[in-house]
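Residue numbering restarts at 1 for every chain, and letters A, B, ... go by the order of the sequence lines.
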There are 2 protein chains.
Amino acid sequence: MDKFKQFLKNIAAITDHELADTLSFFTEKNLQKGDFFVKSGKVCQYAAFIMKGTLRTFYINDKAQETTSCFCIENNFTTSYKSFILQQPSNLFIQAIEYTELLVIDYNNLQKLYKSSPTWQNIGRTVAEQEYIVMEKYASVMNNETAKEKYLRLLREQPNVIKKAPVEDIASYLGVTRRTLSRIRQQISK
Amino acid sequence: MDKFKQFLKNIAAITDHELADTLSFFTEKNLQKGDFFVKSGKVCQYAAFIMKGTLRTFYINDKAQETTSCFCIENNFTTSYKSFILQQPSNLFIQAIEYTELLVIDYNNLQKLYKSSPTWQNIGRTVAEQEYIVMEKYASVMNNETAKEKYLRLLREQPNVIKKAPVEDIASYLGVTRRTLSRIRQQISK
DNA sequence: AACATTTGAGGACATTTGTCCTTTACGACA
DNA sequence: TGTCGTAAAGGACAAATGTCCTCAAATGTT
């Protein structure tokens, strides 16, 4: 819980009093390995702060291939953002790849927080801006780096993901096939 | 000017009175072919609505290659969004690829609008959310579609860009070399 | 422990894309 | 109108990646 308080304080100046008043809007939710937090086709009702564990965000494209867009680890915020904002069916799946503990808030409660407090309005806008920046960085990385560079980045920035996620998912995150990932690992091990 | 009014009205309910009060914050700016609206390394001071013309957004990566991330056409909003929000040096260039007419607002004036009116706060947040969604779509397209599919999409969604932009830029937008773009065009012409 | 099932590594070949280069087409300007 | 310069097309070969496959190691099950 302290992790979440710190996460909020890093975004906006929020008093302990305000925090105490608003934490009741959040509830704990635990996921077993393989459980879905969001499913494609359904409206994403919740936004979550990850206290423990790892989630994989992916979608299924026209060619019926799964593409992993993101691995989300603890101390981060996650949701199917577009679906959540617009309250429209999600095109993303979000699935726990290990046992995961979340702190979630539903859409209506978040709207209440926005209305009740300028601090929360500020948090909402800042999160939107941050999500934009994260997405821009993602797009930039995906466009500019080779699969090998992306793999090395993952190894550097999220080493646990490499240990926890299956090869299939890592390959789809890098935008290559398993075979190519195998070759990349071979190159690196030399 | 009417185009801009319509653009705003599509985002949020804004009265003609409010519009009249706030339009004075915007100024016209014209660019000749090749002129830069934003340069990498400098803080982006302005956000712009494109009344006429076409702009290309690009960056230069580690390997000193230009990568085109976006072609912006009339009736759209453009800026180096990250730089503008954070008031930090831009990593993007935005350049007119033909004669272009803009309606611009500087950062400080926009902050004044935010403070003076909840309607403008609402517009600001909605634009942030829209920019997120556009970026997500962009990342999704770039990851899932082949260069040929992306070319066909460009042909469908922004046919004038294909006529106006040089091969070099279109190729970098598609994430391939000129040689591959040449092959794609050859395939399509059959 | 023994067996079945899943998962990762890597061989062989086909296909795609990049690199380097030449040729062709087009527009600017004297 | 000629010619100069720039931009696009495309040939030839090399390199990278995908497809299909097998084998070995790890994991799960009874």
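Contact annotation: A/Arg178 side-chain N/O to C/dT7 OP1/OP2 distance is not under 4.0 Å. Taking only side-chain nitrogens and oxygens, A/Thr177 comes nearer than 4.0 Å to OP1 or OP2 of D/dG18.
A/Glu98 has a carboxylate O that lies under 4.0 Å from a charged side-chain N of A/Lys164, or vice versa, which qualifies the two as a salt bridge. Taking the charged nitrogens against the carboxylate oxygens, A/Lys52 and A/Glu74 have no contact shorter than 4.0 Å, which rules out a salt bridge. A salt bridge is defined here as a Lys NZ or Arg NE, NH1 or NH2 lying under 4.0 Å from an Asp or Glu carboxylate O, and A/Glu66 with A/Arg56 meets this definition. Ion pairing between A/Lys9 and A/Asp16 holds under the 4.0 Å rule for side-chain N and carboxylate O.
Contacts of A/Thr180 with the nucleic acid, taken as non-hydrogen atoms under 4.0 Å apart, involve only primed sugar atoms and P, OP1 or OP2.
Between the NZ atom of A/Lys33 and the C1' atom of C/dT7 there is a distance of 11 Å, rounded to whole Å. Between the CG atom of B/Leu181 and the P atom of C/dT19 there is a distance of 15 Å, given to the nearest Å. When the P atom of C/dG8 is taken as reference, atom CD of A/Gln186 falls 16 Å away, rounded to whole Å. Distance, B/Arg185 CZ to D/dA7 P: 14 Å, rounded to whole Å. Whole-Å rounding puts the B/Ile188 CD1 to D/dA9 C1' distance at 15 Å. Rounded to whole angstrom, the span from the CD atom of A/Gln65 across to the P atom of D/dT17 amounts to 17 Å. Rounded to whole angstrom, the span from the CD1 atom of A/Ile184 across to the P atom of C/dG8 amounts to 15 Å.
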Distances for protein N or O near nucleotides 23-25 of chain C N or O, under 3.5 Å:
none

Every protein N/O within reach of nucleotides 13-16 of chain D N/O, cut-off under 3.5 Å:
none

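Between B/Tyr81 and A/Tyr132, the angle of the ring planes goes over 60°, which puts this pair in the perpendicular group of the 30/60° scheme.
For the pairing with A/Ser90, the side-chain hydrogen bond (donor to acceptor under 3.5 Å, both in side chains) check across A/Ser83, A/Ser40, A/Ser80 returns one residue only, A/Ser80. When A/Tyr151, A/Phe71, A/Phe58 are each tested for a ring-ring contact (aromatic ring centres under 6.0 Å, His included) with A/Tyr173, only one passes: A/Phe71.
Note: A/Phe77 and A/Phe49 fail the aromatic proximity criterion, with ring centroids not under 6.0 Å apart.
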Run A/Leu55 and A/Ile97 through side chain to side chain contact (heavy atoms under 4.5 Å, CB included) and show every step you take. CA-CA 6 Å; A/Leu55 296 147; A/Ile97 65 171; over 6 Å; no
Is there a side-chain hydrogen bond (donor to acceptor under 3.5 Å, both in side chains) between B/Asn143 and A/Tyr138? Walk through the geometry before answering. CA-CA 11 Å; B/Asn143 279 319; A/Tyr138 169 74; 3.0 Å; yes
Output, in order, the C-alpha distance, side-chain angles, deciding distance and verdict of ring-ring contact (aromatic ring centres under 6.0 Å, His included) for B/Tyr59 and B/Phe93. CA-CA 6 Å; B/Tyr59 48 88; B/Phe93 296 86; 9.6 Å; no
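A donor-acceptor contact under 3.5 Å is formed by the side chain of A/Arg179 with the base of C/dG11.
DNA chain C lies under 4.0 Å from at least one heavy atom of each of the following residues of residues 147-172 of chain A: A/Pro166, A/Val167.
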